[in-house]
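Note that these values count all heavy atoms, side chains included, but never hydrogens, waters or copies made by symmetry. Convention: sequence-line order gives letters A, B, ...; per-chain numbering from 1. Keep in mind the model is a prediction, meaning the values are calculated, not measured.
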Number of protein chains: 2
Amino acid sequence: MPTGLLLTYGLAKGVTMTEVAEQGVRRGRKFDQVLDGARTVFLRDGFDGASVDDIAREAGVSKATLYAYFPDKQMLFKEICAQECRLQADDVEARIDPSMTVEAMLTLAGERIAGFMMSEFGQNAFRLISGEGARFPELARDFYRNGPGLVHDRLVHHLHHLVQSGALRIDDLDLAAEQFIQLCKASLAENLLFRMDHQVNEDRMRRSVRGAVDMFMARYGVPTKA
Amino acid sequence: MPTGLLLTYGLAKGVTMTEVAEQGVRRGRKFDQVLDGARTVFLRDGFDGASVDDIAREAGVSKATLYAYFPDKQMLFKEICAQECRLQADDVEARIDPSMTVEAMLTLAGERIAGFMMSEFGQNAFRLISGEGARFPELARDFYRNGPGLVHDRLVHHLHHLVQSGALRIDDLDLAAEQFIQLCKASLAENLLFRMDHQVNEDRMRRSVRGAVDMFMARYGVPTKA
DNA sequence: CCATAAATGAACCGTTTAGTTCATTTATGG
DNA sequence: CCATAAATGAACTAAACGGTTCATTTATGG
């Protein structure tokens with residue numbers, strides 16, 4: 001029953017990560033301003049680098065107001081991460097058409113994965129979450145589960161059907177999924193991670209994805225009998 | 001003239017990254033103690049998380065002594081990164097025997113790459129440097145150049161010879177090298193980055209590397225005429 | 001128009017931090 | 001053994017930080 005699989009590199013729409021951070025968070029008139037400012041400053045400066053005064057200034061809000069909404073800096077940080085994940089998920093959500101060829105489907109999935117890695121939020125999130133993962137283990141875990149981990153699971157599920165239908169020949173589905181994801185990041189990965197100024201334009205991304213699909217098919221594709 | 005190529009994931013032996021950070025750094029009796037303590041605390045807590053008092057205590061040295069050696073915290077941090085890169089390079093250095101089969105050579109290279117990613121220093125360095133890259137752009141650049149970038153270059157060089165000798169068929173050497181590096185990190189990458197407690201044992205690594213070699217050969221290998 | 005809630009900003013507290021100073025102690029090398 | 005350099009530790013400064021308080025102002029909704 002592959003009636004079209006959800007493939008996203010963000011957070012699933014149904015998953016309400018907010019629940020985690022909703023304890024002690026009150027609403028009010030300038031709630032969104034606070035979130036916007038916090039997002040800007042956190043993603044730019046990291047958790048330690050961002051001072052609450054900076055955030056309040058960026059948000060155009062007094063510090064007292066900020067603390068009227070959020071009990072402390074950590075809760076604000078968690079709320080930002082949750083919100084960003086949800087936003088990203090709503091944005092990149094896509095349905096895979098089961099009538100597509102394997103190559104077309106992989107290309108579509110790959111472009112979404114690479115696109116997320118290239119996005120401003122994608123870069124910052126990876127740096128930020130991985131860097132702050134020691135202080136907020138549960139946050140890093142949630143981010144992985146609802147982001148990269150989710151993609152992995154859905155990809156495995158999808159590949160499983162393609163194997164059963166005879167389109168692919170794969171023995172280790174977990175490994176294959178992870179290989180494809182990694183391949184999509186070729187020629188993007190460290191350049192992004194270390195902020196190299198290599199132009200990370202569309203062409204570079206497409207080249208990376210096409211290379212990933214070619215390689216994946218060379219390894220796992222079933223030769224056409226014709 | 002492929003008389004055996006150096007392949008390392010750290011810093012080349014000849015590269016003296018120290019020169020960068022040697023300005024204003026004085027030697028003395030307890031110099032190494034300071035470096036050891038700083039390395040421990042920096043890699044554990046990051047730049048902001050590490051306080052100079054902590055470092056001095058860990059090093060078993062007075063803060064005055066520390067500041068007698070290094071003019072400020074940043075220079076100490078840079079010195080640590082440079083020293084660690086050099087140390088890593090000396091440690092993992094290896095010569096590739098040109099009489100090896102392509103598979104054996106790739107396996108050896110892959111195990112070094114994956115091994116570095118799995119190592120305590122490798123994990124911390126990636127997290128730390130990528131996280132602190134915004135504050136120290138030149139440091140992130142140097143680390144990339146003398147670490148991952150170096151591996152990339154050497155791998156390209158090596159693949160070039162294998163193409164010329166007819167063992168491989170590759171049109172885009174840069175892409176192929178990056179693909180191989182990424183493949184070696186499959187089933188290790190995000191788990192490490194986000195501190196998931198998946199056991200990252202030797203078996204898992206070897207499975208990853210074997211998968212990388214298989215995939216690489218499936219895509220770029222020249223079918224044997226027999 | 002007015003009562004109520006929300007927002008303000010500036011002052012303030014306690015803590016932590018990087019970095020300095022200096023009189024005293026310890027070790028080294030000739 | 002002694003002169004010189006190195007190391008000490010404890011006290012200190014100045015700044016930044018997270019978080020609180022509160023009297024005053026602003027906006028909202030009935």
With sequence neighbours left out, what residues match K73(A) under salt bridge (Lys or Arg N to Asp or Glu O under 4.0 Å)?
none

Residues which pass salt bridge (Lys or Arg N to Asp or Glu O under 4.0 Å) with D172(A), listed by chain and number, not counting sequence neighbours
R207(B)

Any non-hydrogen side-chain atom of M205(B) less than 4.5 Å from a side-chain atom of M117(B)?
no

What does G60(A) touch in the nucleic acid at a heavy-atom separation under 4.0 angstrom: a base, only the sugar-phosphate, or nothing?
sugar-phosphate

Whenever both distances are under 3.5 Å in a Watson-Crick or G-U wobble pair, mark it; put DNA chain D into dot-bracket that way, with [ ] for crossing pairs and | when the partner is on another strand.
||||||||||||||||||||||||||||||

NA contact type, A50(A), heavy-atom cut-off 4.0 Å: base, sugar-phosphate, or nothing?
sugar-phosphate

Between C1' on dA16(D) and CD1 on I55(A), what's the gap in Å once rounded to a whole number?
15 Å

Going by the rule ring-ring contact (aromatic ring centres under 6.0 Å, His included), which residues pair with F77(A) if we only count those two or more places apart in sequence or in a different chain?
F42(A), F47(A), F136(A)

Just to verify, what does E58(A) make a salt bridge (Lys or Arg N to Asp or Glu O under 4.0 Å) with, not counting sequence neighbours?
none

For T65(B), side chain to side chain donor-acceptor pair (under 3.5 Å) partners two or more places apart
S62(B)

Is the distance from OP1 or OP2 of dA7(D) to the nearest side-chain N or O of T65(B) less than 4.0 Å?
no

Strictly below 4.0 Å: does Y69(A) bring a side-chain N or O up to OP1 or OP2 of dA7(C)?
yes

Listed partners of F180(A) passing ring-ring contact (aromatic ring centres under 6.0 Å, His included), at least two apart
F216(A)

Taking only residues two or more places apart in sequence or in another chain, which ones pass salt bridge (Lys or Arg N to Asp or Glu O under 4.0 Å) with D174(A)?
none

Distance in angstrom units between D45(A) CG and dC17(D) C1', rounded
14 Å

Shorter than 3.5 Å, N or O on both sides, protein versus nucleotides 19-25 of chain D: list them out with atom names.
unit_1	atom_1	unit_2	atom_2	d
dG19(D)	OP2	Y67(A)	OH	2.8
dG19(D)	OP2	K73(A)	N	3.0
dG19(D)	N7	K63(A)	NZ	2.8
dG19(D)	O6	K63(A)	NZ	2.7

Starting at atom CZ of F77(A), determine the distance to atom P of dC17(D), rounded to an integer number of angstrom.
17 Å

